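Below: the structure, in C-alpha coordinates.
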Amino acid sequence: QVQLVESGGGLVQPGGSLRLSCAASGSIFSGNAMGWFRQVPGKEREFVAAVSGRNGPKYYADFVKGRFTISRDNSKNTIGLQMSSLKAEDTAIYYCAVSRGYGVPTTTFAYDYWGQGAQVTVSS
(Lines give C-alpha, C1' and ligand atoms only; values in the text may rest on other atoms or scores of the structure.)
Protein backbone atom coordinates (compact mmCIF):
# COMPACT_ATOMS: atom_id res chain seq x y z
CA GLN A 1 0.00 0.00 0.00
CA VAL A 2 1.11 3.54 -0.75
CA GLN A 3 0.28 6.66 1.19
CA LEU A 4 0.81 10.19 -0.07
CA VAL A 5 0.65 13.30 2.08
CA GLU A 6 0.73 16.79 0.58
CA SER A 7 1.83 19.88 2.48
CA GLY A 8 2.60 23.51 1.79
CA GLY A 9 -0.73 24.79 0.55
CA GLY A 10 -2.16 28.10 1.64
CA LEU A 11 -3.15 31.61 0.68
CA VAL A 12 -0.90 33.69 -1.55
CA GLN A 13 -1.32 36.96 -3.41
CA PRO A 14 -1.36 37.10 -7.20
CA GLY A 15 2.18 37.11 -8.52
CA GLY A 16 3.46 35.33 -5.45
CA SER A 17 5.09 31.95 -4.98
CA LEU A 18 4.29 28.80 -3.08
CA ARG A 19 5.88 25.39 -2.78
CA LEU A 20 3.98 22.14 -2.38
CA SER A 21 5.56 18.95 -1.11
CA CYS A 22 4.37 15.38 -1.22
CA ALA A 23 5.78 12.64 0.98
CA ALA A 24 5.25 9.06 -0.13
CA SER A 25 5.40 5.99 2.06
CA GLY A 26 4.89 2.32 1.36
CA SER A 27 5.85 0.40 -1.76
CA ILE A 28 7.22 3.26 -3.81
CA PHE A 29 9.84 2.50 -6.39
CA SER A 30 12.19 5.04 -7.88
CA GLY A 31 11.00 3.90 -11.31
CA ASN A 32 7.41 4.99 -10.70
CA ALA A 33 6.26 8.23 -12.29
CA MET A 34 4.82 10.82 -9.91
CA GLY A 35 2.71 13.80 -10.73
CA TRP A 36 0.62 16.74 -9.62
CA PHE A 37 -2.99 17.40 -10.57
CA ARG A 38 -5.46 20.04 -9.50
CA GLN A 39 -9.20 20.37 -9.21
CA VAL A 40 -11.72 23.11 -8.62
CA PRO A 41 -15.33 22.48 -7.59
CA GLY A 42 -17.51 21.50 -10.50
CA LYS A 43 -14.61 20.72 -12.81
CA GLU A 44 -12.63 17.62 -13.63
CA ARG A 45 -9.26 17.01 -12.08
CA GLU A 46 -6.58 18.23 -14.49
CA PHE A 47 -2.95 17.45 -15.07
CA VAL A 48 -0.36 19.96 -13.86
CA ALA A 49 3.06 18.32 -13.98
CA ALA A 50 4.76 14.94 -13.79
CA VAL A 51 8.23 13.51 -13.46
CA SER A 52 9.46 10.12 -14.55
CA GLY A 53 11.13 7.61 -12.29
CA ARG A 54 14.73 8.25 -11.30
CA ASN A 55 14.06 11.97 -11.73
CA GLY A 56 14.17 11.77 -15.51
CA PRO A 57 11.98 13.64 -18.02
CA LYS A 58 9.46 16.16 -16.73
CA TYR A 59 6.21 17.23 -18.32
CA TYR A 60 4.02 20.25 -17.72
CA ALA A 61 0.58 21.44 -18.68
CA ASP A 62 0.78 24.38 -21.06
CA PHE A 63 -0.85 26.72 -18.55
CA VAL A 64 1.99 26.26 -16.01
CA LYS A 65 5.02 26.11 -18.27
CA GLY A 66 7.62 28.62 -17.19
CA ARG A 67 5.86 29.21 -13.87
CA PHE A 68 5.83 25.82 -12.09
CA THR A 69 8.71 23.42 -11.54
CA ILE A 70 8.36 19.82 -10.44
CA SER A 71 11.17 18.15 -8.54
CA ARG A 72 11.82 14.75 -7.08
CA ASP A 73 14.05 13.31 -4.36
CA ASN A 74 14.07 9.53 -4.57
CA SER A 75 16.22 9.20 -1.47
CA LYS A 76 13.38 10.72 0.55
CA ASN A 77 10.43 9.55 -1.58
CA THR A 78 9.24 13.09 -2.02
CA ILE A 79 8.20 15.31 -4.87
CA GLY A 80 7.79 19.05 -4.86
CA LEU A 81 6.00 21.64 -6.94
CA GLN A 82 7.47 25.11 -6.92
CA MET A 83 4.84 27.56 -8.10
CA SER A 84 5.63 31.13 -9.05
CA SER A 85 3.84 34.01 -10.77
CA LEU A 86 0.64 32.61 -9.35
CA LYS A 87 -2.68 33.71 -10.78
CA ALA A 88 -6.18 33.66 -9.38
CA GLU A 89 -7.03 30.88 -11.80
CA ASP A 90 -4.41 28.67 -10.14
CA THR A 91 -6.69 28.45 -7.13
CA ALA A 92 -7.54 24.77 -6.65
CA ILE A 93 -6.94 21.71 -4.55
CA TYR A 94 -3.63 20.20 -5.62
CA TYR A 95 -3.11 16.45 -5.50
CA CYS A 96 0.04 14.38 -5.85
CA ALA A 97 -0.18 10.93 -7.37
CA VAL A 98 1.88 7.85 -8.18
CA SER A 99 1.61 5.74 -11.30
CA ARG A 100 2.52 2.07 -11.39
CA GLY A 101 2.39 2.02 -15.15
CA TYR A 102 4.85 2.78 -17.88
CA GLY A 103 6.08 6.13 -19.03
CA VAL A 104 4.99 9.43 -17.58
CA PRO A 105 1.22 9.64 -17.87
CA THR A 106 -0.69 12.89 -17.90
CA THR A 107 -4.18 11.49 -17.37
CA THR A 108 -5.85 10.82 -14.04
CA PHE A 109 -6.87 7.25 -14.85
CA ALA A 110 -3.21 6.24 -15.29
CA TYR A 111 -2.39 7.05 -11.67
CA ASP A 112 -2.95 4.49 -8.96
CA TYR A 113 -2.46 6.31 -5.68
CA TRP A 114 -3.53 9.79 -4.62
CA GLY A 115 -2.92 12.11 -1.72
CA GLN A 116 -5.69 13.87 0.16
CA GLY A 117 -5.01 17.21 -1.53
CA ALA A 118 -3.71 20.61 -0.48
CA GLN A 119 -5.70 23.82 -0.94
CA VAL A 120 -3.98 26.62 -2.82
CA THR A 121 -5.77 29.95 -2.89
CA VAL A 122 -4.47 32.88 -4.93
CA SER A 123 -6.21 36.06 -3.90
CA SER A 124 -5.48 39.62 -2.90
Side-chain angles (χ1 to χ4, degrees):
Q1 191 66 16
V2 173
Q3 291 187 327
L4 303 171
V5 179
E6 299 96 339
S7 60
L11 173 65
V12 62
Q13 293 186 340
S17 299
L18 203 63
R19 177 176 174 82
L20 299 178
S21 295
C22 175
S25 61
S27 301
I28 289 288
F29 299 99
S30 60
N32 294 139
M34 298 183 72
W36 289 97
F37 290 75
R38 71 186 188 184
Q39 188 171 23
V40 297
K43 293 189 177 181
E44 293 186 352
R45 193 168 297 186
E46 62 180 358
F47 170 74
V48 175
V51 56
S52 70
R54 298 177 177 83
N55 208 14
K58 300 172 182 177
Y59 300 89
Y60 297 92
D62 287 342
F63 54 79
V64 302
K65 283 181 179 177
R67 300 190 299 124
F68 292 11
T69 302
I70 189 170
S71 60
R72 179 170 186 157
D73 186 342
N74 285 331
S75 67
K76 298 179 180 179
N77 277 344
T78 60
I79 62 169
L81 186 68
Q82 180 66 45
M83 304 181 290
S84 59
S85 301
L86 284 161
K87 307 173 183 179
E89 51 264 42
D90 294 319
T91 296
I93 298 175
Y94 285 71
Y95 299 88
C96 69
V98 173
S99 172
R100 291 290 198 198
Y102 295 100
V104 187
T106 60
T107 55
T108 57
F109 62 80
Y111 284 80
D112 302 286
Y113 302 100
W114 295 85
Q116 83 288 351
Q119 177 69 50
V120 172
T121 302
V122 184
S123 175
S124 55

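Here the structure is a predicted model, which means the values were calculated and not measured.
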Looking at CG of N32 and OH of Y102, how far apart are the two atoms once the value is rounded to the nearest 0.5 Å? 11.0 Å
Between the OG atom in S71 and the NZ atom in K58, the distance rounded to the nearest 0.5 Å is 6.5 Å
For residues S52 and R72, report the shortest heavy-atom separation together with the two atoms involved. O-NH1, 3.1 Å
Looking only at heavy atoms, the pair that brings P105 and A110 closest together is CB-CB, 3.3 Å
Can you tell me which residue pairs pass the salt bridge (charged side-chain N to carboxylate O under 4.0 Å, His left out) test with a partner in residues 105-123, sequence neighbours excluded? none
Are side-chain heavy atoms of F68 and L86 found at a separation under 4.5 Å? yes
Side-chain contact, heavy-atom cut-off 4.5 Å: Q119 with L11? no
Under a 4.5 Å side-chain heavy-atom rule over Ile, Leu, Val, Met, Phe, Trp and Tyr, are [X] and [Y] clustered together?
{"X": "V51", "Y": "Y95", "answer": "no"}
{"X": "I93", "Y": "L4", "answer": "no"}
{"X": "V122", "Y": "L20", "answer": "yes"}
{"X": "Y60", "Y": "V48", "answer": "yes"}

Is the side chain of Q1 donor-acceptor paired with the backbone N or O of G26 at a distance under 3.5 Å, no angle test? no
Apply side chain to side chain donor-acceptor pair (under 3.5 Å) to [X] and list each qualifying residue two or more places apart in sequence or on a separate chain.
{"X": "T108", "result": "none"}
{"X": "Q3", "result": "none"}
{"X": "S123", "result": "none"}

Strictly by disulfide (SG to SG under 2.5 Å), give each pair with a member in residues 16-100 just once, sequence neighbours left out. C22-C96
Checking one residue: V40. Which other hydrophobic residues are in its cluster under the side-chain 4.5 Å linking rule? none
The side-chain contact (heavy atoms from CB on, under 4.5 Å) partners of Q13 (sequence neighbours excluded) come to none
S124: which residues meet the side-chain contact (heavy atoms from CB on, under 4.5 Å) condition with it, sequence neighbours left out? P14
Residues 34-50 vs side chain to side chain donor-acceptor pair (under 3.5 Å), sequence neighbours excluded, gives R38-E46, R38-D90, R38-Y94, Q39-R45
Sequence neighbours left out, cut at 3.5 Å: what donor-acceptor pairs do the side chains of residues 76-85 make with other protein atoms?
| from | atom 1 | to | atom 2 | distance (Å) |
| --- | --- | --- | --- | --- |
| S84 | OG | R67 | O | 2.8 |

Apply ring-ring contact (aromatic ring centres under 6.0 Å, His included) to F37 and list each qualifying residue two or more places apart in sequence or on a separate chain. F47, Y111, W114
